[in-house]
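First up is the structure itself, then whatever we jot down about it.
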2 protein chains.
Amino acid sequence: MVTALGLVPTERSAVEAAASGVVCCAPLSREPLGAEDAVVLARILKAIADPARLRLLSLVAAHEGGEACVCDLIEPLGLSQPTVSHHLKVLVEAGLLTRDKRGVWAYYALVPGGLDALAAVLR
Amino acid sequence: MVTALGLVPTERSAVEAAASGVVCCAPLSREPLGAEDAVVLARILKAIADPARLRLLSLVAAHEGGEACVCDLIEPLGLSQPTVSHHLKVLVEAGLLTRDKRGVWAYYALVPGGLDALAAVLR
DNA sequence: CAGAGGCATGGACGAGCGTCAATATCGACA
DNA sequence: TGTCGATATTGACGCTCGTCCATGCCTCTG
């Protein structure tokens with residue numbers, strides 16, 4: 001399997017794949033999913049297959065300016081600060097959130113088209 | 001939160017929710033996801049967040065007639081028969097596959113619109 | 001009725017996950 | 001420079017998950 005960039009999946013991180021708008025493969029119902037593609041896609045799906053991380057994505061998207069710092073998310077989520085940081089890290093590594101540290105605060109925002117690219121594969 | 005059927009999520013199985021075309025909630029980026037909705041959505045996403053189950057969905061969809069029995073899936077997947085049965089059960093309980101036992105064989109098929117409903121929430 | 005074959009279930013085991021408390025790191029500011 | 005505050009990391013714990021082997025159930029066919 002070869003992506004639009006001509007690289008095999010194992011050579012590209014989930015971050016790069018999602019950020020480039022190419023999660024990994026053709027829509028599910030169109031052709032049998034290769035074993036390697038399945039691992040790549042599953043890794044991204046595991047990132048959002050958690051109630052806390054789903055709410056984090058939603059909270060960040062709904063926050064003013066489309067970005068939020070950790071302190072904005074702790075209380076609405078009802079989890080400890082280290083746990084929130086952990087979940088945010090997972091989402092960043094999956095290529096669904098960006099992290100921008102400005103001074104003491106770390107601002108997280110949705111990767112444009114990240115979720116859309118993921119949704120496009122589920123067909 | 002109230003679904004299109006006027007029932008709270010805990011009163012409806014994931015199967016019913018997906019089969020009715022209503023996974024659970026509004027698109028992620030539109031409004032903050034409620035805690036209960038997040039649990040429901042995460043449960044369905046966990047079902048597909050696994051390489052073996054992603055390939056199963058793809059294999060079933062690509063199979064002639066849009067359905068396949070367990071014996072058709074064991075070899076291409078490279079897993080034991082009990083393991084394949086286990087994964088298929090998870091997908092059925094998530095409302096993404098149907099199971100139709102005819103004689104000795106059990107035929108699995110995609111729930112129409114199941115994946116599309118799921119994809120629609122990821123926005 | 002007895003055997004065979006397709007599939008599901010139960011038990012077991014190692015690996016990974018979600019959470020927290022404690023602690024470390026880093027930038028702002030007096 | 002020293003303290004404070006926001007965030008990240010570490011270590012630990014219980015729980016869930018993916019997999020297999022062994023076995024049970026059910027249906028067809030001699």
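Values reported hereafter were calculated over all heavy atoms of this structure, with side chains retained and with hydrogens, waters and symmetry mates removed.
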Determine: side-chain N/O of B/Y108 to OP1/OP2 of C/dG6, distance under 4.0 Å, yes or no.
no

Pick base, sugar-phosphate or nothing for A/Y107, based on heavy-atom distances below 4.0 Å to the nucleic acid.
nothing

Using a cut-off of strictly less than 4.0 Å between a heavy atom of the residue and any atom of DNA chain C, enumerate the qualifying residues of residues 46-56 of chain A by number.
A/D50, A/R53

Please round to the nearest 0.5 Å and tell me the distance separating atom CZ of B/R102 and atom CD of B/E67.
4.5 Å

Side-chain donor or acceptor of B/R43 paired with backbone N/O of A/D50 under 3.5 Å
no

Find the distance B/L88:CG to C/dG6:P and express it as a whole number of Å.
16 Å

Nearest-Å distance for atom pair CG/P, residues B/L45 and C/dG18
13 Å

What I'd like to find out is whether the side chain of B/V60 reaches to under 4.5 Å of the side chain of B/L73, using heavy atoms alone.
yes

Can you sort out the partners of B/R99 under salt bridge (charged side-chain N to carboxylate O under 4.0 Å, His left out), two or more places apart, ordered by chain and number?
none

Report, one pair per line, the protein and nucleotides 10-13 of chain D atoms (nitrogen or oxygen only) whose separation is under 3.5 Å.
none

So, does A/S29 use its side chain to make a donor-acceptor pair with the main chain of A/R123 at under 3.5 Å?
yes

Quickly work out the B/R99 CZ to C/dC7 C1' distance and round it to whole Å.
8 Å

Atom NE2 of B/H86 to atom P of D/dC21: distance rounded to whole Å?
16 Å

Is a side-chain N or O of B/R53 found less than 3.5 angstrom from the main chain of B/H87, in a donor-acceptor match?
no

Name the closest nucleotide to the A/W105 side chain, picking from D/dT7, D/dA8, C/dT19.
D/dT7

By a strict heavy-atom criterion of less than 4.0 Å, which residues belonging to residues 57-67 of chain A are in contact with DNA chain C?
none

Look at the side chain of A/Q81 and the base of D/dA6, then say whether one donor and one acceptor between them are separated by less than 3.5 Å.
no

Please check if atom CZ in A/R30 has more than 12 non-hydrogen atoms from other residues, nucleotides or ligands closer than 6.0 Å.
no

Quick one: CD on A/E36 to SG on A/C25, what's the gap to the nearest 0.5 Å?
11.5 Å

Rounded to the nearest 0.5 Å, what separates atom CG in A/L33 from atom CG in B/L59?
8.5 Å

Here the distance between atom P of D/dA8 and atom CG of A/L97, to the nearest Å, is 12 Å

Scan residues 68-80 of chain A against DNA chain D and write down, sorted by residue number, each residue with any heavy atom closer than 4.0 Å; if none is found, say none.
A/C69, A/V70, A/C71

Presence of A/T83 side-chain N/O under 4.0 Å of C/dG18 phosphate oxygens OP1/OP2:
no

Ignoring hydrogens and geometry, is there a side-chain-to-backbone donor-acceptor pair from A/S58 to B/E31 under 3.5 Å?
yes

Flag yes if A/L54 and A/I74 sit in one hydrophobic cluster, no otherwise; membership is Ile, Leu, Val, Met, Phe, Trp, Tyr, and two members link when side-chain heavy atoms are under 4.5 Å apart.
yes

Where do N or O atoms of nucleotides 27-30 of chain D meet protein N or O atoms at under 3.5 Å, pair by pair?
none

